[in-house]
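Below you'll find the structure, written out as structure tokens, and then a few comments.
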Amino acid sequence: MRWKEVELSGWGRVLKNTAQLARPEKDADLRAVLADTPCPAIGAGRSYGDAGVVGGQAISTARLDRIIGFDPDKAQVTVEPGARIADLLAVLAPHGVMPAVMPGTGFATVGGCIANDVHGKNHHGAGSFGQHIARIDLMLPDGTPKTVSPESALFKATVGGLGQTGVILSATLKLAPCSSRLIQVDERRAPGLSSFMTMLHDSPATFCVGWIDATATGAALGRGILEEAELTSSAMSPKRRTSRRVPFDAPAFALSPPTVRAFNRAYFNRVPANGRGVLRALEDFFFPLDKIHDWNRLYGKRGFHQFQCVLPDETAEPTLHAMLTLIADAGLASPLAVLKRTGPGRAGYLSFPMQGYTLALDFPHSGAAVALVARLNAMTLDAGGRIYFAKDSLATPQQAAAMYPDLPKWRKQVAGADPHATMTTDLVRRLSLRGDA
Amino acid sequence: MAEVWIILGASSSMGRAFARKVAAEGHHLVLAARDAADIARTAADCMARGAPSAVPVTFDIRDTTSFAAIIAAAQTPGQPINTAVFIGSMPTQADIDADPALGDTTIYDSFTGPAHFLTLLAPHMEAHKTGTVIGIGSVAGDRGRIGNYTYGAAKAGFHTYLSGLRNRLTRAGGHVVTVKPGFTDTAMTWGLPGMFLVATPEAVADDLWRAHLKRRDVIYTPWFWRIIMGIICAIPERVFKKLGI
């Protein structure tokens, strides 16, 4: 196997490292590389911080992307680790099924979805990605293949486990019914934070997500647009939005506070005061930004940080109020901001979700943004919440340990599976997730 | 109407991408390669993507007795046979210089082996009075360069063979597309120095399908390699012989 020197970076383009990357295309080659050189696998590089960044040797799963078993009657599919979510949706939807949980980008790989136990717009009802897995075929770092079933402790350490238990050879996913290629989306304005949270809490919709205006202040603080969606029974092929590519790094003024404020006002007012219903292609609803390839370049060469926290019901409202006040005053946020209700569903020791509310925001990289995210991380910890490793670039080891009470259980499994720490990534090192061992 | 496509070299990056394209278009597949486990996976993948059937057949270009099973698997009454050939080997010129026998296998894998298979297949295609052969050549076959002239010579030979086969099959209602890919992002080229303007296998597969539909004779993929190779071929030999490109 030939190794290629590449610069790996998170989707936020702030954290980077140089790796020697192998890119096997066959299962046999993947096993051979691992037996020879145990090293972590990386997927699509869609984690924002350094969850998928490695210095030293790594394996790209980009070309291991096949559907190797599909049973429409059992509604299960077995895939190689590099299979992408949007590809699965496109192939499976005509058969009347789809992945039960889909993250906000269809470029994410199944391996990455498992390693981060991702959630989607249906988390409040459907739970996390890892809760819809029938089995994982793993190659342990010592070269032993192992089938991991959902009851085992190794499964809980693998799902959401940031790739530290070994490399996924294949995974069998339990699929959800998909009645159509079109989805009915109802959009309503939420005038302020407290009403927004009530609307999210009371929504009966299968898919529910909120866009939040992180520049609004005063009575409008926390205003936004609630999107509730249900599959339809239409068999018609949808009209897709056309893809565009961001051809160059945008200049800094593209996301200056006046621009963002004006954009957010227009975006809020685009939905009529009494709401509206629209029909969308599934892909356009589930992966809203995928039509703009390389959208991370909109933040310019400096890159950006994403902050995502989840807060428990008890502390969510005052904490979100304080966070949004701080964010609006700082004037650093971009228009990409999401508020969502989460359920209790999680499948691994280090899974992100808990019952409550999750807030996600992007900040163009600067000293002020770094300081702001540090404060938001501290507020999250104080409120009994946690931050999302798939997004994080700025948390501390102490915060990570305090936010994830099952960390010792995870460490025990990982120490057993990978005693020589061959699977370590930059994030695991930065947050000392594996402890001092 | 569904047709049959033989993919010779279905484990290669380009072969796999083209098999997926054929599957999405709803045609039957016969997937031939050395690695049985790998083509079984690709067969399952192609079935999920829309192929009404996908039959893996284990074959080795260096074992001509393995050819008959492929042709047998492709025989369905009333269904025209098409073939895409993604076979070849590309050791470095330095390795060949150190071991001339490696040059023989390069020429066999990239030219005479595939030509042997196509010669066996041609009568079956003529019988259907239709069908396309897509042969993967290389821009390296357009001019002998210091870096890979044995491989280039093999591909040049294959180009000429395909040209003659086109002449033959056209009379029977069939067609032959000669494909000259530039640098493509495959397992064969991963990590090689000096790669630029690299195309994805998916983009190449789309170009092949379009060339099949439009019955193009010779294509470069991506298209701009026609211009690059036009320039390279225009350099007088007395100058070219001193260049290191």
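We name chains A, B, ... by the order of the sequence lines, and we start the count at 1 in each one.
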Closest non-hydrogen atom pair between A44(B) and G69(A), with its separation: CB-N, 4.5 Å
Where on A83(A) is there a heavy atom nearer than 4.5 Å to chain B: the side chain, the backbone, both, or neither? neither
Exceeds 12 heavy-atom contacts within 6.0 angstrom, atom CG of L243(B): yes
Suppose we screen for side chain to side chain donor-acceptor pair (under 3.5 Å). Which residues come up paired with S9(A), at least two apart in sequence or across chains? none
Tabulate, with distances rounded to 0.1 Å, every donor-acceptor pair spanning chain B and chain A at under 3.5 Å.
| unit_1 | atom_1 | unit_2 | atom_2 | d |
| --- | --- | --- | --- | --- |
| R2(A) | NH1 | M188(B) | O | 3.1 |
| R2(A) | NH1 | W190(B) | O | 2.6 |
| R2(A) | NH2 | M188(B) | O | 3.4 |
| L21(A) | O | W190(B) | NE1 | 3.1 |
| R23(A) | NH1 | D185(B) | OD1 | 3.0 |
| R23(A) | NH1 | D185(B) | OD2 | 3.0 |
| R23(A) | NH2 | D185(B) | OD1 | 2.9 |
| E25(A) | O | R16(B) | NH1 | 3.1 |
| E25(A) | O | R16(B) | NH2 | 2.6 |
| E25(A) | OE1 | S13(B) | OG | 2.6 |
| E25(A) | OE2 | S13(B) | OG | 3.0 |
| E25(A) | OE2 | A187(B) | N | 3.4 |
| R63(A) | O | R16(B) | NH1 | 3.0 |
| R63(A) | NH1 | D185(B) | O | 2.8 |
| R63(A) | NH2 | D185(B) | O | 2.8 |
| R63(A) | NH2 | D185(B) | OD2 | 3.4 |
| D65(A) | O | R20(B) | NH2 | 3.0 |
| D65(A) | OD1 | R20(B) | NH2 | 3.1 |
| D65(A) | OD2 | R20(B) | NH1 | 3.2 |
| R66(A) | NH1 | D38(B) | O | 3.1 |
| R66(A) | NH1 | D38(B) | OD1 | 3.0 |
| R66(A) | NH1 | T42(B) | OG1 | 2.6 |
| R66(A) | NH2 | D38(B) | OD1 | 2.8 |
| I67(A) | N | D45(B) | OD1 | 2.8 |
| I67(A) | O | D45(B) | N | 3.1 |
| E80(A) | OE2 | R41(B) | NH1 | 2.8 |
| D87(A) | OD1 | R49(B) | NH1 | 3.3 |
| D87(A) | OD2 | R49(B) | NH1 | 3.3 |
| D87(A) | OD2 | R49(B) | NH2 | 2.7 |
| H95(A) | NE2 | A48(B) | O | 3.2 |

Is it the case that atom NZ in K291(A) sees more than 12 heavy atoms from other parts of the structure closer than 6.0 Å? yes
Can you name the side chain to side chain donor-acceptor pair (under 3.5 Å) partners of D142(A), sequence neighbours left out? T144(A)
Using the test ring-ring contact (aromatic ring centres under 6.0 Å, His included), find all partners of F111(B) that sit at least two apart in sequence or belong to another chain. none
Answer with side chain, backbone, both or neither: which region of A37(B) has an atom nearer than 4.5 Å to a non-hydrogen atom of chain A? neither
Contact origin within L21(A) toward chain B - heavy atom pairs under 4.5 Å: both
Give, as side chain, backbone, both or neither, the part of M195(B) having an atom under 4.5 angstrom from any heavy atom of chain A. neither
